[in-house]
Amino acid sequence: MQLPTRLVRAVIRRYRHWRVLRSARMHSETAFHSAGPVHRILVLCYGNIYRSPLVAYLLSMQSQVSGLEIRSAGFFDKQGRQCTEDYLKLLEPRGYDLSAHRSRKINHLDLEWADLIIIMDRKNWDLLYEMDAAGLSKTVWIGGFTDHGSVEVIDPYDRDEAETRSVIEQLESCVQTILAQIESTRSQ
């Protein structure tokens with residue numbers, strides 16, 4: 001009796017995710033250090049309206065590193081979307097203003113441009129793998145820059161306020177670590 005193709009694909013995908021997530025922290029560290037001097041960072045998430053624009057904003061605003069260029073993009077086909085009002089209201093007390101942000105879709109030129117690519121979760125990994133597997137060599141998992149929890153940072157889309165705040169705090173912590181590592185590699 002043959003297993004349905006869909007089931008076989010699902011099992012293969014789960015195994016691949018397990019394998020990738022198991023080594024994601026080590027891969028992130030290796031990719032970060034083998035990138036050489038980082039000048040251009042591409043930050044990716046699925047829709048480019050929550051996680052990646054915030055990380056790009058934080059990297060831009062908090063970086064003491066001169067000459068650092070940052071872009072954010074997503075995989076979702078619809079471009080030009082704004083961050084939600086609820087999300088903007090959560091960011092406001094922290095002094096973050098993403099009201100001018102408009103989503104954009106990743107393209108191959110972005111991948112060529114970037115010295116370092118930051119992803120949020122296994123869905124981003126899958127989509128990047130399908131788009132350009134070679135880009136994975138310069139890809140890091142944002143959660144790989146924190147010692148606690150998963151290397152994945154959940155998408156706050158349709159999540160409650162507490163979960164969204166938790167994502168924001170996670171991203172803030174990871175960005176601090178990333179910036180410290182970039183600054184230390186540049187001063188060597």
Side-chain angles (χ1 to χ4, degrees), residues 16-17 19-76 79 96 98 101-155 167-188:
R16 186 176 66 213
H17 287 161
R19 205 178 75 230
V20 166
L21 290 169
R22 201 171 138 209
S23 62
R25 264 184 224 290
M26 188 177 2
H27 171 80
S28 292
E29 188 172 316
T30 302
F32 187 86
H33 292 292
S34 65
V38 175
H39 298 284
R40 296 178 306 271
I41 300 174
L42 176 62
V43 187
L44 300 175
C45 70
Y46 182 68
N48 191 226
I49 58 170
Y50 287 101
R51 298 169 294 173
S52 58
L54 177 58
V55 170
Y57 177 86
L58 293 172
L59 287 168
S60 296
M61 299 307 289
Q62 297 177 12
S63 175
Q64 304 303 313
V65 179
S66 62
L68 195 59
E69 297 176 58
I70 295 129
R71 291 182 187 172
S72 73
F75 296 95
F76 191 66
Q79 299 190 83
Y96 309 153
L98 296 180
H101 173 76
R102 299 297 178 269
S103 66
R104 57 183 285 279
K105 186 174 180 185
I106 184 175
N107 61 54
H108 287 281
L109 294 175
D110 290 324
L111 298 175
E112 292 170 18
W113 170 86
D115 297 323
L116 189 71
I117 301 168
I118 299 173
I119 62 171
M120 306 292 157
D121 57 33
R122 69 186 83 184
K123 186 174 189 173
N124 301 159
W125 189 93
D126 282 341
L127 293 167
L128 185 56
Y129 178 81
E130 290 170 14
M131 184 177 186
D132 183 2
L136 293 172
S137 66
K138 55 184 175 180
T139 299
V140 298
W141 297 69
I142 190 134
F145 294 92
T146 182
D147 291 335
H148 60 281
S150 173
V151 294
E152 294 184 284
V153 175
I154 64 166
D155 190 345
V167 167
I168 293 167
E169 291 165 4
Q170 228 180 330
L171 294 175
E172 288 171 327
S173 173
C174 293
V175 165
Q176 291 302 315
T177 305
I178 291 167
L179 286 172
Q181 287 194 19
I182 290 171
E183 290 171 11
S184 72
T185 59
R186 290 244 183 125
S187 63
Q188 293 176 353

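These numbers come from the heavy atoms of this one structure, side chains and all, not from hydrogens, waters or symmetry mates.
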query: In Å and rounded to the nearest 0.5 Å, what is the CH2 to CG distance from W141 to N124?
result: 8.0 Å
query: Of all residues at least two apart in sequence or in a different chain, which pass the salt bridge (Lys or Arg N to Asp or Glu O under 4.0 Å) check with D121?
result: R51
statement: F145 and T177 have their tightest heavy-atom pair at O-OG1, 3.3 Å
statement: Applying ring pair (Phe, Tyr, Trp, His ring centres under 6.0 Å) to F75 and not counting sequence neighbours gives none
query: Which pair of heavy atoms, one from N107 and one from L109, lies closest together, and at what distance?
result: OD1-N, 2.9 Å
task: Sort and list the pairs that fulfil salt bridge (charged side-chain N to carboxylate O under 4.0 Å, His left out) and have at least one residue in residues 135-146, not counting sequence neighbours.
output: none
- request: Only counting residues at least two apart or in another chain, list the ones meeting side chain to side chain donor-acceptor pair (under 3.5 Å) with Y46.
  value: none
task: Evaluate the criterion side chain to side chain contact (heavy atoms under 4.5 Å, CB included) for residue pair E69 and H39; output intermediate values, then yes/no.
output: CA-CA 6 Å; E69 297 176 58; H39 298 284; 5.7 Å; no
message: As a quick check of understanding, evaluate side chain to side chain contact (heavy atoms under 4.5 Å, CB included) for I182 and I41, giving each step before the final call.
response: CA-CA 11 Å; I182 290 171; I41 300 174; 3.6 Å; yes
statement: All heavy atoms of C45 vs all of M120, minimum pair found to be CB-CG, 3.7 Å
Cation-pi check, R71 onto W113 ring (under 6.0 Å, within 45° of axis): yes
message: Around atom CE of M61, are there more than 12 heavy atoms from other residues, nucleotides or ligands closer than 6.0 Å?
response: no
statement: Residues passing the salt bridge (Lys or Arg N to Asp or Glu O under 4.0 Å) test with R102, sequence neighbours excluded, are none
message: I'd like to know whether OH of Y129 has more than 12 heavy-atom contacts from other residues, nucleotides or ligands below 6.0 angstrom.
response: no
task: Test I118 against L59 for side chain to side chain contact (heavy atoms under 4.5 Å, CB included), laying out the working first.
output: CA-CA 11 Å; I118 299 173; L59 287 168; 4.1 Å; yes
message: Donor-acceptor check, side chain of Q62 to backbone of Q176, threshold 3.5 angstrom: yes or no?
response: no
- prompt: Tell me, do I70 and V43 make a side-chain contact under 4.5 Å, heavy atoms counted?
  reply: yes
task: Determine whether L111 and L128 make a side-chain contact, defined as any pair of heavy atoms from C-beta on separated by less than 4.5 Å.
output: yes
Side chain to side chain donor-acceptor pair (under 3.5 Å) against S72, all qualifying residues, sequence neighbours excluded: N48
- line: Sorted by chain and number, sequence neighbours left out, salt bridge (Lys or Arg N to Asp or Glu O under 4.0 Å) with K105 holds for D77
- request: Kindly say whether Q170 contributes a backbone atom to a donor-acceptor pair with the side chain of S173 at under 3.5 angstrom?
  value: no
task: Decide yes or no on side chain to side chain contact (heavy atoms under 4.5 Å, CB included) for Y50 and V167, but give the supporting numbers first.
output: CA-CA 10 Å; Y50 287 101; V167 167; over 6 Å; no
- prompt: Looking only at atom types and distance, does a side-chain atom of T146 sit under 3.5 Å from a main-chain N or O of C174, one as donor and one as acceptor?
  reply: no
message: Suppose we screen for side-chain contact (heavy atoms from CB on, under 4.5 Å). Which residues come up paired with A73, at least two apart in sequence or across chains?
response: L42, L44, R104, I106, D110
- prompt: What residues form a side-chain contact (heavy atoms from CB on, under 4.5 Å) with E169, not counting sequence neighbours?
  reply: R94, E172
- request: Name all residues meeting the salt bridge (Lys or Arg N to Asp or Glu O under 4.0 Å) criterion together with D132; count only those two or more places apart in sequence or in a different chain, and write none if there are none.
  value: none
task: With sequence neighbours left out, write down each residue that passes side chain to side chain donor-acceptor pair (under 3.5 Å) with E29, or none if nothing qualifies.
output: none
- request: Applying side chain to side chain donor-acceptor pair (under 3.5 Å), name anything that partners D115, two or more places apart in sequence or on another chain.
  value: R40
